[in-house]
Amino acid sequence: MPATIVQTNDTPFAPVAVDPVTLDIIENALKNARTEMDATVMRTAMSPGIREQGDAFPLIADAQGRMVVGQFGSFIQGFLDNFDGTIEDGDVIWLSDPYSCEGAISHNNDWLVLVPVFRHGRLVAWASHFGHQTDVGGRVPGSLPTDGRTIFEEGVRIPPVKLYRRGEMQRDLVDLVLHQVRMPEWCRSDLNALLASCRTAERRIHEMCERFGDDVYVAAGAALLARNRRAMKELIRTTVSEERLTFTDYLCDDGLGHGPYKIHCAMWREGDRVILDFEGTSPQSASSINFYLNENMLKMFFGIYMIMVFDPQILFNDGFYDLVEVRIPEGSLFKPAFPAALSCRTHALGRLFDILGGLLGQRQPEFLNAAGFSSSPHLMFSGYGADGRWFQLFQIGFGGIPGRPLGDGPDGHSLWPGFTNVPNEFLERYYPLRIERYETVADSGGPGLHRGGNGIHMTYRFTGAGTIAIHDDRWFTHPWGVNGGKPGARARKILERADGSRAVLANKADDIRVGPGDALHFITWGGGGWGDPLARDPDLVALDVRRGLVTRAGAEAGYGVVLGADGAVDPAATQARRDAMRAARAEIPVFDFGPDIDTLRAACERETGLPAPRPPAAA
């Protein structure tokens, strides 16, 4: 049964007109409140994933649960549709179980706090924040087993419960949950941070209502949603064809030796609505790479991509959701059946942006991005320090951002603008390790008129014993290039033991023991290139070489640029080299995926040092 909202005042809000100046003030006040929510979490959380990297996502929604400002789209409707209980003034909801909210959050590590905002007996808004907890119990430190078979291995599952009931905190409930985790102090602090963030938004909403009136505030939210709908309706009409377009990409493996997994999506327009249909996507995996994809979340991803590519000035919100229809087959990688494992869904989440980019740019290749986000590399490191105390690290790494219509992809950066790296000083201060190398990998970005961003080579030298786990993708398939751009390089992980021996590690692996003197070389993928690399300014290529982003050999092989002994461009040799390369190549494709799957499989062990993944088995 859906949730029951208990309101002691049944007077409807008056449908008032909001003048443009007032609307602008309220819009920017909401934006600032969202920023303040982020700042509150960053200053009060303890885990490095949230405090240092920003792996937490706020939103402010209207009374119906539609996001007015935020980032990931509203997850409130999925909760409201599945919460068999009442929502009253003073209540605060807490949950982490994806299956209890239609995938509104996607694995147990994401703790979600929801605060209904009541005024004078009426619900006027929602404030919400969710963030990734470093550990929520389960079979492995970090709660993200790469080979997990069910969600029961992935830590404590919190169904929608009341953290506060009519203003009174349920302390026994918190104590019960924290008893199941390895880092209770961090989890308690992070939970308090998420709640404090929502309280901050709640105060700002009350202030706006006091200043402008409840009716004006509610009407302004509706106006912002309606404005977004009008803008998205026009974008969809002008950029999405009635012709059925399709795109296919792959997840490399599942951590159990099977792969690649096919992600297939078709897109077309029917009137004002766009259809996104994932029929043809691989069945769910036996491991934890499944991504229980909430339809509203995908609608927001679609909207974010449309807006950022075609009209970045639009404030995105949930107003356009009725213009997008999402079809996901039951039992597929994006709609697994309970109790399928979900903890490592991050690879599929990242690949969705490559899929959307491949679909939305086909009619207008000048707006295409290459492949780049591709995954969200994770490293976990845990154990007991010299003082006997348990330590635990969860760190998100970055690869190369794809080449874009407007320029080169950034090197070693997150596609999410709010994400940042964990400072090396923080890592060395709190964990038994040293960072010996943190640099871009020359030539890893795909050549192009606009170069794909390079991946990162980060070397961790361990000074104490512990256990590491690695989560990454794009080690088997390449991040593809577009409009003549070339694919980016693939990811690699190498463990160099203190005795000098070296081993290539799988990109999805748990329970790897390390000791003092061992070094992990954590190398991420590069972004694909955009446009014909033979059209890139030779002087710009020479500058890339001087900066260490491209090697001399890479300049010649990828861009046809020949450099003299002094590093300057040799114009005559460059012209001759480029003429020869143009004469030898075939027609320039829109997409360059690199070798096909069969070729990659045949060459896998020789090129990567790892056995080729076997075709996926049924879950």
Side-chain angles (χ1 to χ4, degrees), residues 235 238-241 243 245-250 263 265 267 305-312 350-374 399-411 413 415 443-455 474 477-490 525-541 544 549-550 554-561 574 577-596:
L235 278 181
T238 57
T239 62
V240 180
S241 171
E243 174 192 2
L245 300 175
T246 64
F247 195 77
T248 300
D249 206 340
Y250 297 88
I263 300 175
C265 189
M267 179 183 72
Y305 199 97
M306 288 280 285
I307 288 167
M308 295 188 72
V309 170
F310 296 111
D311 193 349
R351 200 58 48 80
L352 279 175
F353 287 92
D354 289 346
I355 291 283
L356 290 173
L359 281 170
L360 289 168
Q362 286 187 39
R363 284 185 66 216
Q364 298 166 296
E366 67 274 15
F367 287 110
L368 266 174
N369 282 343
F373 187 64
S374 296
I401 299 298
R404 304 162 295 167
L406 297 179
D408 297 344
D411 305 296
H413 202 283
L415 192 66
D443 296 334
S444 58
L449 173 64
H450 299 151
R451 180 178 57 82
N454 283 336
R474 284 296 193 201
T477 63
H478 290 265
W480 34 269
V482 297
N483 298 329
K486 297 299 182 181
R490 296 177 287 185
W525 28 265
W530 189 98
D532 184 0
L534 301 185
R536 187 172 175 87
D537 184 344
D539 288 332
L540 189 55
V541 176
D544 286 337
L549 302 174
V550 174
E556 185 168 345
Y559 299 91
V561 174
T574 295
R577 173 66 175 159
R578 285 185 161 184
D579 288 345
M581 291 174 69
R582 287 190 184 97
R585 70 186 180 186
E587 182 179 351
I588 295 177
V590 175
F591 296 98
D592 188 341
F593 296 96
D596 61 30

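Under 4.0 Å is where a charged nitrogen must lie from a carboxylate oxygen, and between Asp408 and Arg536 at least one such pair does.
With a 4.5 Å cut-off on side-chain heavy atoms, Thr239 and Gln364 count as touching. Residues Val482 and Phe591 form a side-chain contact, since some pair of their non-hydrogen atoms from C-beta on lies under 4.5 Å apart. The shortest distance between side-chain heavy atoms of Pro405 and His450 does not fall below 4.5 Å.
With rounding to the nearest 0.5 angstrom, the CG atom of Asp544 is 11.0 Å from the CG atom of Asp539. Taken to the nearest 0.5 Å, the OG1 atom of Thr574 stands 10.5 Å off from the CG atom of Asp579. Distance OG1/Thr477 to CG/Asp354: 9.0 Å, rounded to 0.5 Å. In this structure, CG on Asp249 lies 6.5 Å from CZ on Phe593, to the nearest 0.5 angstrom. Rounded to the nearest 0.5 angstrom, Met267 CE and Thr246 OG1 are separated by 10.0 Å. For the atom pair Leu245 CG and Leu360 CG, the distance stands at 9.0 Å (nearest 0.5 Å).
One N or O on the side chain of Arg578 and one on the backbone of Tyr559 form a donor-acceptor pair closer than 3.5 Å. Formation of a donor-acceptor pair under 3.5 Å by the Trp530 side chain with backbone atoms of Leu368 is found in this model. Under a 3.5 Å cut-off, the side chain of Asn483 and the backbone N or O of Pro365 do form a donor-acceptor pair. Judged by distance alone, with hydrogens and angles left aside, the side-chain atoms of Asn454 form a donor-acceptor pair with the main-chain N or O of Gly445 at under 3.5 Å.
Nearest heavy-atom pair across Ser241 and Arg363 is CB-CD, 3.0 Å. Here the closest non-hydrogen pair linking Gly594 and Pro487 is N-CG, 3.7 Å. Here the shortest heavy-atom pairing between Arg404 and Gly409 reads NE-CA, 4.3 Å. Between Ala371 and Pro402, the shortest heavy-atom distance links the atoms O-CB, 3.5 Å. Nearest heavy atom pair, residue Ala370 against residue Gly529, reads CB-O, 3.6 Å. Nearest approach of Ala557 to Met581, heavy atoms of both residues: O-CE, 3.4 Å.
In this structure Asp411 satisfies the salt bridge (charged side-chain N to carboxylate O under 4.0 Å, His left out) test together with Arg451, sequence neighbours excluded. The side-chain hydrogen bond (donor to acceptor under 3.5 Å, both in side chains) test applied to Thr248 returns His264, not counting sequence neighbours.
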